[in-house]
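Excluded from the calculations below are hydrogen atoms, water molecules and symmetry mates; all remaining heavy atoms, backbone and side chain alike, are included.
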Amino acid sequence: MSKLLPFRIHFEDPEIAPLDLDARDANDARQLAATRRGVPAAAIRKVKIIREQANG
């Protein structure tokens, strides 16, 4: 079973807030985000893996 990764999804429409979710890969994240926001997958501008930031 694949490990889930944290993704942040950005949409073309600036009125739609970015969405953070966990998915197996970028394609799964794109489809899940489109379904949750009720938009076509083409409305997604960017899919990025969220990286941890080290303090100090």
Side-chain angles (χ1 to χ4, degrees):
M1 186 169 177
S2 297
K3 180 180 173 185
L4 295 178
L5 300 171
F7 287 91
R8 177 161 293 144
I9 315 301
H10 296 269
F11 298 88
E12 293 288 346
D13 184 349
E15 297 292 319
I16 302 174
L19 177 65
D20 292 348
L21 52 81
D22 293 331
R24 290 180 293 182
D25 59 32
N27 285 334
D28 283 349
R30 181 179 294 275
Q31 292 302 319
L32 187 56
T35 300
R36 286 192 183 174
R37 290 291 195 239
V39 299
I44 295 172
R45 179 172 55 90
K46 184 174 18 175
V47 177
K48 296 175 64 174
I49 292 178
I50 299 171
R51 305 274 183 204
E52 288 186 36
Q53 294 186 3
N55 292 333

task = Go through the structure and list residues passing salt bridge (charged side-chain N to carboxylate O under 4.0 Å, His left out) with R36, not counting sequence neighbours.
result = none
message = Suppose the criterion is side-chain hydrogen bond (donor to acceptor under 3.5 Å, both in side chains): which pairs have a residue in residues 11-34, not counting sequence neighbours?
response = R8-D20, R24-D28
Distance-minimising heavy-atom pair for A34 and P40 = CB-C, 4.1 Å
Partner set under side chain to side chain contact (heavy atoms under 4.5 Å, CB included) for A17, not counting sequence neighbours = R37
inquiry  = If hydrophobic residues (ILVMFWY) are linked whenever their side-chain heavy atoms come closer than 4.5 Å, directly or via other members, who joins F11 in its cluster?
reply    = L5, F7, I9, I16, L19, L21, L32, V39, I44, V47, I49
